[in-house]
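Here the structure comes first, spelled out in structure tokens, and everything after it is commentary.
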Amino acid sequence: MAGLKRTHTCGELDASAVGNTVTLMGWVHRRRDHGGVVFIDLRDRYGVTQAVFKPENEELMEKARQLKQEFVVALTGTVEARPDDMINRDLKTGGIEVHVNTLRILNESRTPPFVIEDEAQALEDLRFKYRYLDLRNQVLKENIILRHRAMTAAREHLDSLDFLEIETPLLVKRTPEGARDFMVPSRLNPGKFYALPQSPQLYKQILMVSGFDRYFQLARCMRDEDLRADRQPEHTQIDLEMSFIAEEDVYAVVEGLMKHIWKKAIDVDVEIPFQRMTYAESMARYGTDKPDLRFALEIQEITDIVAASTSDMLKGAAAKGGAFAIGSVEGAALSRKNVDALEEAAKKLGAVGLARGKLAADGTSTGIFRFFDEESQAKLREMFGLDKDGLVLIVAGDRETSLKSLGAVRLKLAEMCKLVPEGKFRFVWITEFPLFEWDPALEAWTPAHHMFSMPLESDMDFLESDPGRVRARLYDLALNGVELGSGSIRNHVRSIQERVMKVIGLDEKEAERRFGFLLEAFGYGAPPHGGIALGMDRIAMVLAGKDNIRDFIAFPKTTSGASLMDDCPSAVDDRDLKDLYIKIDLPRKD
RNA sequence: GGGGUCGUGGUGCAGCUUGGUUAGCACACUGGCCUGUCAAGCCAGAGGUCGCGGGUUCGAGUCCCGUCGGCCCCGCCA
């Protein structure tokens, strides 16, 4: 019996194997003891196979009765077809079962803190603490496998296009731009610190200077910022950069890449090329720069119609920017409570309120529309295609706030009315983002995305006179309301860089201190170049049609950045700190 | 930095509004019965002092204050 060797996995046996003697190894998923006959569901990475113990062998039965959840066993037996009425159609291997003649317990298990099942009952914090057990769950396992397939497809495809995967350092120079860096003290350089990279951005641009005209990397990126359901302190990007190219080249590569990933990972044919939309259009129609295009519910500006109404409240608010609305036939069925929840969503993003009313097909109306004359009501019905009774929701006030608020309402309304189709993938390129953003706190212009993005040729003249108007050669890829990635054509021209730096008040000395090495590299023949970084974790999540990114990372952190399994981060010994010349100086709590 | 919400046997939840006899349910667990189940079934049993600290009260899981932790959201995340 020594030297028992696994012949098959628990996911592969079917009718063609009937009569064969096989050896399976795995974990006891369930035991069903019927006194005379005992069933064991044996589980491994590949699936579950039913093993049967019959009463003829008393000794074997005794051993089978010792089995508990999560014991690791090896068993040898004969594959038998199941009678028709005993076939389990929910199981890949449900047509057969293994009649056991040898059982060996390879290892015992303590009673697990929660039962391993597809619809995990335990709460996430407990599942995080015992992540290795949770990963035995077939659903979670499929997620990780799906992610692997997507990553492999990405590598395959980019390699086929002559992209080189080049690793960039994890210990890098701190750049006080953008997100907070994780910092790593340098023992060999007392008092000095490395940073963990937020992205390989500067390095990949330098690789362009070196002539590696097509680079990619499945890169780990770390940011010391507050977390969310779709945000982890470390994540993986498909990072790529190309030389001698324009936007179209990046779009073509990424569209082919997505098509390949979708095909390989979930066997879905993605239509290319992707739709394109400017940032301005996306904001006006959907109130966001990552629109979910699986459903319509478009925002319409109704400032004129509101101006003609008798609602002083709306007119007053609209005077501060405009009035915007969405309308929906399905929404007419929503309860007062539901619409109030929509208003809460709008207020969360800064709207003062959400005016609402119903427009009926017979011309009667309720709510806010008591203040609108018949002509205006007809116009609104037409605008929103309300051939039946419909709900119309209005936000008025500052233009950007109103649009963003209504954008959130749009998503929530679609969810409430079940307007979001499953299994549909609507990619869209969002283009022509503004280069600068006004920071009211600093009272200064700051780069909206990336210091080194090229301004749009047509807007170059406004760099000094009207920075807010300058758009850049920036692009985002959005899918079903999720931002998959963003990139740009970079600014490789020294004279334009200098003008950009002047706008954000970055003098030469400061620029030198922060990006000196990049600027210096650019001085030695930087080719025109550009690229993009795509969120790998998010891609896996969207492929599976889910919305919790932690289920697609093998060992994720909680929203406070902790890993509950290994209790990290943790305090360190004084001796370690001494080596680094570091003293902890926590603020006193009162 | 701010807001919301949750914390009760191993797990998931109820109880808390209107404080008061043995803190209830399901699953898991232990023992027994059962030759066809696949969330097996049936019977019996063990297991919690209610995240932690303080306060109010004759009396607190229940009210108050603080604190810790999980989750969600705003800010932040080029």
Side-chain angles (χ1 to χ4, degrees), chain A residues 29-43 48-56 61 65 68-70 80 82-83 85-91 93-94 97 99 110-130 133 175-181 198-199 201-202 221-233 235 344-345 347-350 404-405 408 433-437 439-441 446-453 472 474 476 483 486-488 504 514-515 533 535 547-548 550 557-562 564 567 589-590:
Chain A
H29 186 58
R30 297 278 190 277
R31 188 192 68 189
R32 289 179 295 282
D33 184 346
H34 287 248
V37 56
V38 176
F39 299 100
I40 297 292
D41 288 342
L42 192 66
R43 180 190 66 234
V48 170
T49 297
Q50 175 166 282
V52 188
F53 296 82
K54 296 273 191 165
E56 291 77 46
M61 281 299 266
R65 290 212 167 84
K68 305 266 160 52
Q69 274 189 58
E70 303 309 315
E80 307 260 357
R82 297 203 205 178
D85 58 335
M86 291 176 199
I87 288 176
N88 182 344
R89 299 188 195 284
D90 296 332
L91 216 56
T93 61
E97 59 194 11
H99 289 226
R110 300 166 64 186
T111 300
F114 52 86
V115 183
I116 316 296
E117 52 196 339
D118 288 354
E119 299 294 328
Q121 295 295 310
L123 295 185
E124 215 174 23
D125 53 342
L126 188 77
R127 295 167 51 205
F128 277 4
K129 184 167 179 206
Y130 298 94
L133 293 181
T175 52
E177 283 291 300
R180 264 185 217 101
D181 289 320
Q198 296 174 29
S199 87
Q201 185 64 38
L202 303 182
C221 304
M222 279 71 83
R223 288 173 193 172
D224 189 8
E225 291 291 348
D226 287 2
L227 309 173
R228 289 281 196 290
D230 62 347
R231 218 191 284 160
Q232 283 277 305
H235 68 283
E344 280 313 304
K347 283 182 170 172
K348 219 171 228 175
L349 291 182
K404 281 186 180 169
S405 305
F433 282 82
L435 181 57
F436 302 110
E437 213 169 55
D439 186 331
T446 57
H449 267 71
H450 181 289
M451 264 282 316
F452 293 98
S453 297
L474 284 157
D476 273 12
E483 182 194 313
S486 60
S488 69
I504 60 174
R514 292 185 186 179
F515 311 108
D547 54 13
N548 185 347
R550 300 180 211 105
K557 307 261 192 297
T558 68
T559 40
S560 57
L564 301 178
D567 190 27
K589 286 198 177 170
D590 300 312

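Naming: A, B, ... by sequence-line order, numbering from 1 per chain. What's counted below: heavy atoms across the whole structure, side chains too, no hydrogens, waters or symmetry copies.
A/Arg30 comes within contact range of the sugar-phosphate backbone alone, with a heavy-atom separation under 4.0 Å but no base atom that close. Within the 4.0 angstrom heavy-atom criterion, only backbone atoms of the sugar-phosphate kind lie near A/Arg550; the bases stay farther away. Within 4.0 Å of A/Glu97, counting heavy atoms only, lies at least one base atom of the nucleic acid. Residue-level contact check: A/Glu437 touches neither bases nor backbone, having no heavy atom under 4.0 Å from any strand. In this structure, A/Asp85 reaches neither bases nor backbone, as no heavy-atom distance under 4.0 Å exists between it and the strands shown. Note on A/Phe114: nothing from the nucleic acid sits closer than 4.0 angstrom, heavy atoms only. As judged by a 4.0 angstrom heavy-atom cut-off over every strand, A/Leu227 is placed among residues making no nucleic acid contact. Residue A/Pro113 is in sugar-phosphate contact alone, with no base atom involved, counting any heavy-atom pair closer than 4.0 Å across all strands shown. Using a 4.0 Å heavy-atom cutoff across all strands shown, A/Ser199 reaches at least one base atom of the nucleic acid. Within 4.0 Å of A/Glu124, counting heavy atoms only, lie sugar-phosphate atoms of the nucleic acid but no base atom.
For the pair A/Ala408 and A/Ala345, the tightest heavy-atom approach, listed with the atom from each and the gap, is CB-O, 4.3 Å. The nearest pair of heavy atoms linking A/Thr93 to A/Val48 is OG1-O, 2.6 Å.
Using N1 to N3 plus N6-O4 or O6-N4 for Watson-Crick, or N1-O2 and O6-N3 for G-U wobble, each under 3.5 Å, B/G47 pairs with nothing. The partner of B/G75 is absent, by the rule that a Watson-Crick or G-U pair needs both atom distances under 3.5 Å. Across all strands shown, B/C33 is found opposite B/G41 as a Watson-Crick or G-U wobble partner, with both distances under 3.5 Å. Under the Watson-Crick and G-U wobble criteria, each requiring two contacts below 3.5 Å, nucleotide B/A26 is paired to B/U11. B/U21 is unpaired under the criterion used here, namely a Watson-Crick or G-U wobble arrangement in which both key atom distances are under 3.5 Å.
The backbone N or O of A/Lys348 lies less than 3.5 Å from no partner atom in the side chain of A/Ser405, so there is not a single donor-acceptor pair. With hydrogens and angles disregarded, no donor-acceptor distance shorter than 3.5 Å links the side chain of A/Gln50 to the backbone of A/Gly94.
For a distance-only test at 3.5 Å, the side chain of A/Arg32 fails to qualify as a donor-acceptor partner of the base of B/C34. Below the 3.5 angstrom threshold, one finds no donor paired with an acceptor across the side chain of A/Asp125 and the base of B/G69. At a cut-off of 3.5 angstrom, counting only N and O atoms as typed in the model, there is a donor on one side and an acceptor on the other between the side-chain of A/Arg231 and the base of B/C77.
Look at NZ on A/Lys347: it is 20 Å from C1' on B/G75, rounded to the nearest Å. Atom-to-atom, NZ of A/Lys557 to P of B/C71 comes out at 13 Å; the value is rounded to the nearest Å. Note: NZ (A/Lys348) to P (B/G4) measures 11 Å, nearest angstrom. Rounded to an integer number of Å, the gap from CG of A/Asp41 to P of B/C38 is 10 Å. To the nearest angstrom, C1' of B/G9 lies 15 Å from CG of A/Leu123. The separation between A/Asn548 atom CG and B/C73 atom P is 10 Å, rounded to whole Å. Here the P atom of nucleotide B/C38 and the CZ atom of A/Arg43 are 19 Å apart, to the nearest Å. For A/His34 and B/C38, the NE2 to P distance is 7 Å, given to the nearest whole Å.
In this structure, OG1 on A/Thr558 lies 8.5 Å from CD on A/Gln232, to the nearest 0.5 angstrom. To the nearest 0.5 Å, the span separating CZ on A/Arg82 from CG on A/Asn88 amounts to 5.5 Å. Expressed to the nearest 0.5 Å, how far CE of A/Met61 lies from NZ of A/Lys54 amounts to 9.5 Å. Atom-to-atom distance recorded for A/Ile116:CD1 and A/Arg127:CZ is 10.0 Å, nearest 0.5 angstrom.
Shown here are the side-chain contact (heavy atoms from CB on, under 4.5 Å) partners of A/Asp226, two or more places apart in sequence or in another chain: there are none.
Heavy-atom distances to RNA chain B give each of A/Thr111 and A/Val52 a nearest nucleotide, and the one nearer the 5′ end belongs to A/Thr111. Residue-to-nucleotide proximity on RNA chain B shows that, of A/Gln69 and A/Pro55, the 5′-proximal contact is made by A/Gln69.
Comparing the same atom, P, in B/U57 and in B/G47 gives a spacing of 36 Å after rounding to whole Å. Separation of the C1' atoms belonging to B/A40 and B/G53 is 47 Å when rounded to the nearest angstrom. B/G24 and B/U49 have their P atoms separated by 14 Å, given to the nearest Å. Separating the C1' atom of B/C52 from that of B/A44 is a span of 37 Å, rounded to the nearest Å. Nucleotides B/G75 and B/G4 have their C1' atoms positioned 15 Å apart, rounded to a whole Å. B/U56 and B/G12 are spaced 33 Å apart, taking the C1' atom of each and rounding to whole Å. Comparing the C1' positions of B/U17 and B/U22 gives a spacing of 25 Å, expressed to the nearest Å. Here, B/G61 and B/G48 have their C1' atoms 11 Å apart, quoted to the whole Å.
Closest contact between the side chain of A/Val37 and the listed nucleotides B/G36, B/C76, B/G70 involves B/G36. Here the nucleotide nearest the side chain of A/Thr558, chosen from B/C71, B/G36, B/C74, is B/C71. Proximity note for A/Arg228 (side chain, C-beta onward) versus B/U37, B/C74, B/A28: the nearest is B/C74. If you check B/G70, B/A28, B/U37 against the side chain of A/Arg82, the one that comes closest is B/U37. Side-chain proximity of A/Glu225 to B/U35, B/C76, B/C71: nearest is B/C76. Out of B/C71, B/A40, B/G70, the shortest distance to the side chain of A/Thr559 is found at B/C71.
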